[in-house]
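I have placed the structure first, in the form of structure tokens, so that the comments after it can refer back to it.
Numbered from 1 within each chain, the chains take letters A, B, ... in sequence-line order. Remember, it's a predicted structure, so these values are computed and weren't measured experimentally.
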Number of protein chains: 2
Amino acid sequence: MKGHQVTIKDIAKILHISPSTVSRALKDHPDINPQTKKNVQELAKKLNYKPNQVALNLLQKESKIIGVIVPEFIHYFFSTVISGIEKIANESGYHIIIAQSNESYHKEVENIQALLSSNIDGFIITMAKTTLNFDHFKNVEEIGVPMVFVDRSCEEVNADEVLVDDFDGAYKATKHLIENGCKNIIHLAGPQNLEIGVKRKEGFLAALNESGIDVKDFSVQICDSHDHALRLMPELFSRHNNIDGIFAVNDLTAVGAMKAVKMINKKVPEDIAISGFTNSFISNITDPELTTIDQKGFEMGQHAARMLLKRIKSDENYGPVTTILNTELVVRKSSLRKK
Amino acid sequence: MKGHQVTIKDIAKILHISPSTVSRALKDHPDINPQTKKNVQELAKKLNYKPNQVALNLLQKESKIIGVIVPEFIHYFFSTVISGIEKIANESGYHIIIAQSNESYHKEVENIQALLSSNIDGFIITMAKTTLNFDHFKNVEEIGVPMVFVDRSCEEVNADEVLVDDFDGAYKATKHLIENGCKNIIHLAGPQNLEIGVKRKEGFLAALNESGIDVKDFSVQICDSHDHALRLMPELFSRHNNIDGIFAVNDLTAVGAMKAVKMINKKVPEDIAISGFTNSFISNITDPELTTIDQKGFEMGQHAARMLLKRIKSDENYGPVTTILNTELVVRKSSLRKK
DNA sequence: ACTCATTTCGCAAACGTTTGAAATAATGCT
DNA sequence: AGCATTATTTCAAACGTTTGCGAAATGAGT
């Protein structure tokens, strides 16, 4: 049922000239008679001619489309990353095609294959958690399509990366809790097979050590979801009633912990101060509002897009670049005690 | 710097046969000698041949890509819509290319133009709030590219639509508050130039009328953001201290109202019961958790994708279809009183 | 041996665009 | 008038794939 976008051939036929003349006239080629140029350009405007990107793509091997593969864009963090990518991409006339892996290795492979055959100009990828084999990325590398990894590093592949300084973020959050008088802080940590889980834990421990606070056997709890925190914390509080600070690996877990604190009738931040990590949307919603570490999703996206575009436009083959962005401590009420 | 995806020509050259034979061999055409078929298919697999979608697109005017234009995909609701679209699209071998309008008419027009020249197979669109001229949509209609509008209706254009029953949703939420003993409910309403603003207000009023509760001059307040609620409510409470229920046009506004209630030391839901609208992510986060109306974003996306695919595949030109999905009342603690 | 049918394959055009090279037309110069 | 320039336009190939049609080769039937 599709109609018909106006083509160069249409214009050529109407003006009784050849397609090549029309093509050149449209791009102001000096070889073309000014009068012909005028005719062509006017008619093109009148008919609302738009060059067919697909034909251009086939000819020039350039689609002006970049493929973005993320685990799940429902997560606020990934939405912000994608927003950042889209902004920069659009500024350079690129569009983005988005696919989710749902953290599944197989879906990730499928997506890569499908987008490759659509002549994508490049990829921006956050790997799925379950990805342990990297052949699909190596394949992309061989074909020569540029790639940038975001948030999760892939050391097996020679590609650009944009990461965030997890260690330092965790360090800053913990330090902040200490400065607000916390002496007995626990860390709700992410899974230790993921880099972010490890790095954030290490930042936490480093801050404790630096302040001479000794680490107890229960100082680090593996717990990285809202519900898990709701289950874990009451029991933890009953065993250790002098906990006065919580640093959670992400905002959602912090929210769960906050609810648990209220359940035992203690006050945030007076009795127990809390910090999350991400600075997601919900940190403004909680009561009290949540202190957290801004993970700079939007900036990460922007950076990734810039790196990719640079790579796409360059024909020199410089080595892979890794950018590490700084996090920022965002202080809100959940950690602020009058001193 | 791009390398080279394997093409039909490559295979043809290696086997010393013509591209057309390769093409036919790959699709099991009866004209081809079984032995040749076998050779071709084996080599194709070995070289990891994938048909070039761009060439197919140019030839068949089918890109297997659908364009999605939403105001801002950072919003949870739109993320869920997009997720629903992606799921159905992928199942049929389609991919989605996403653009945001940021609620700007001009960006919307730009996006439509750009995606049109990429030979998109169809559009799924949520209009920007600022869109008052519909020529860009009419242009799409003329060219014959199918379109489905989601959440916000566009009456000026003959296109399929997926909407949600805002009136009924608002009615159900209000009714629920009444059943929980609220006698003096106010509605924080959306802007009255938007259909959802009007419909939800009307649903609210209908429920009051049906229960014989009289509507006061302050029963409806135009207020549709978290911050606005935080500013408005304290003042409203000081003038009317017997308010015992709040129905907000969206979850975020409900959260603002909830905070305000706490500020005047009243309890949710005992003193004031609250319902939002959307069932966004945050409704599980608030304390107490927020009763709300599920707006079925994921289902809307799925429906929209199915309608679009049907339209794309059909060559019969049936009239525009409007699907109205039912909302669902999700009861949580913010409205539940022991009876 | 000749015709006819069958099997198997290649040619060429098409999708819309760009671009080097060739062709044509128009002008200037002697 | 003849030739060389210059200005303007067209041709043809290319990108990767599909597909109608024709061609070549084989085999069977007479």
Side-chain angles (χ1 to χ4, degrees), chain A residues 2-41 43-44 47-65 116-121 143-145, chain B residues 2-41 43-44 47-65 116-121 143-145:
Chain A
K2 258 204 218 178
H4 186 59
Q5 282 261 56
V6 178
T7 76
I8 272 192
K9 289 187 180 180
D10 297 329
I11 297 181
K13 212 165 284 172
I14 295 176
L15 295 179
H16 299 106
I17 55 182
S18 80
S20 25
T21 306
V22 176
S23 172
R24 280 186 252 253
L26 287 171
K27 24 184 42 115
D28 234 1
H29 193 286
D31 272 9
I32 303 298
N33 185 311
Q35 183 57 48
T36 327
K37 256 183 214 173
K38 195 154 160 277
N39 296 151
V40 170
Q41 286 167 357
L43 185 60
L47 299 180
N48 192 26
Y49 166 79
K50 295 272 186 274
N52 181 323
Q53 278 302 329
V54 177
L56 287 176
N57 180 358
L58 185 58
L59 195 57
Q60 301 170 341
K61 269 113 180 10
E62 193 194 45
S63 58
K64 295 276 184 184
I65 296 179
L116 267 185
S117 72
S118 291
N119 266 18
I120 277 332
D121 285 351
I143 294 177
V145 176
Chain B
K2 259 204 217 174
H4 186 59
Q5 283 261 56
V6 178
T7 76
I8 272 192
K9 289 188 180 180
D10 296 330
I11 297 179
K13 213 164 283 172
I14 294 176
L15 296 178
H16 298 107
I17 55 180
S18 80
S20 25
T21 306
V22 176
S23 172
R24 281 186 254 252
L26 286 172
K27 27 183 42 114
D28 235 0
H29 193 286
D31 271 10
I32 303 299
N33 183 311
Q35 184 56 48
T36 323
K37 258 184 212 171
K38 196 153 160 276
N39 296 151
V40 170
Q41 286 168 357
L43 186 59
L47 299 181
N48 192 26
Y49 166 78
K50 296 271 185 279
N52 182 323
Q53 277 301 328
V54 177
L56 286 176
N57 179 359
L58 185 59
L59 195 58
Q60 302 170 340
K61 271 121 177 6
E62 192 194 46
S63 60
K64 295 277 185 184
I65 297 180
L116 267 186
S117 71
S118 291
N119 266 18
I120 275 334
D121 285 351
I143 294 177
V145 176

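- Rounded to whole angstrom, the span from the CG atom of A:Leu56 across to the P atom of C:dG16 amounts to 12 Å.
- Counting any heavy atom pair closer than 4.0 Å across all strands shown, A:Leu59 reaches a base atom.
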Evaluate side-chain contact (heavy atoms from CB on, under 4.5 Å) for B:Leu26 paired with B:Ile8, printing each intermediate quantity in order. CA-CA 10 Å; B:Leu26 286 172; B:Ile8 272 192; 4.2 Å; yes

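- Evaluation of the side chain to side chain contact (heavy atoms under 4.5 Å, CB included) rule for A:Lys13 yields no partner, not counting sequence neighbours.
- In this structure, the side chains of A:Leu15 and A:Val22 stay at 4.5 Å or more apart for every pair of heavy atoms.
- Between A:Thr21 and D:dT10 there is a side-chain polar atom (N or O) within less than 4.0 angstrom of OP1 or OP2.
- Protein atom CD1 of A:Ile32 is 13 Å distant from nucleotide atom C1' of C:dT18, rounded to whole Å.
- Checked against C:dC9, D:dT8, D:dT19, the side chain of A:Thr36 finds its nearest nucleotide in D:dT8.
- Between A:Asn39 and A:Ile17, the closest side-chain pair of non-hydrogen atoms is not below 4.5 Å.
- Contact of the B:Asp28 side chain with the B:Lys37 side chain is registered, since non-hydrogen atoms from C-beta on lie closer than 4.5 Å.
- Taking for each of A:Val6 and B:Pro19 the nucleotide of DNA chain C with the nearest heavy atom, the 5'-most of the two is the partner of B:Pro19.
- Atom-to-atom, NZ of B:Lys50 to P of D:dG16 comes out at 17 Å; the value is rounded to the nearest Å.
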What string of B, S and - do you get for nucleotides 20-28 of chain D, 5' to 3', when a contact is any protein heavy atom under 4.0 Å? B--------

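- The side chain to side chain contact (heavy atoms under 4.5 Å, CB included) test with B:Val6 singles out one residue from B:Asn52, B:Leu47, B:Leu43, and that residue is B:Leu47.
- With a 4.5 Å cut-off on side-chain heavy atoms, B:Asp121 and B:Glu62 count as touching.
- Closest approach to the B:Thr7 side chain among C:dG10, D:dT10, D:dT17 is made by D:dT17 (side chain taken as heavy atoms from C-beta onward).
- Proximity of B:Lys37 to the phosphate of C:dT8: no side-chain N or O atom is located under 4.0 Å from OP1 or OP2.
- Listed pair B:Lys61 / C:dC15 fails the phosphate criterion, with no side-chain N or O lying under 4.0 Å from OP1 or OP2.
- A:Lys9 has no side-chain polar atom (N or O) that falls below the 4.0 Å cut-off from OP1 or OP2 of C:dA14.
- For the pair B:Asn119 CG and C:dG16 C1', the computed distance is 10 Å after rounding to whole Å.
- Across the protein-nucleic acid pair, B:Gln60 atom CD and C:dG16 atom P stand 13 Å apart, rounded to whole Å.
- Comparing D:dT9, D:dT17, D:dC15 by their closest approach to the side chain of B:Ala55 singles out D:dT17.
- Listed pair A:Ser23 / C:dT18 meets the phosphate criterion, a side-chain N or O lying under 4.0 Å from OP1 or OP2.
- Atom CG in A:Leu58 sits about 17 Å away from atom P in D:dA13, given to the nearest Å.
- If you check C:dT8, C:dG16, D:dT8 against the side chain of A:Pro34, the one that comes closest is D:dT8.
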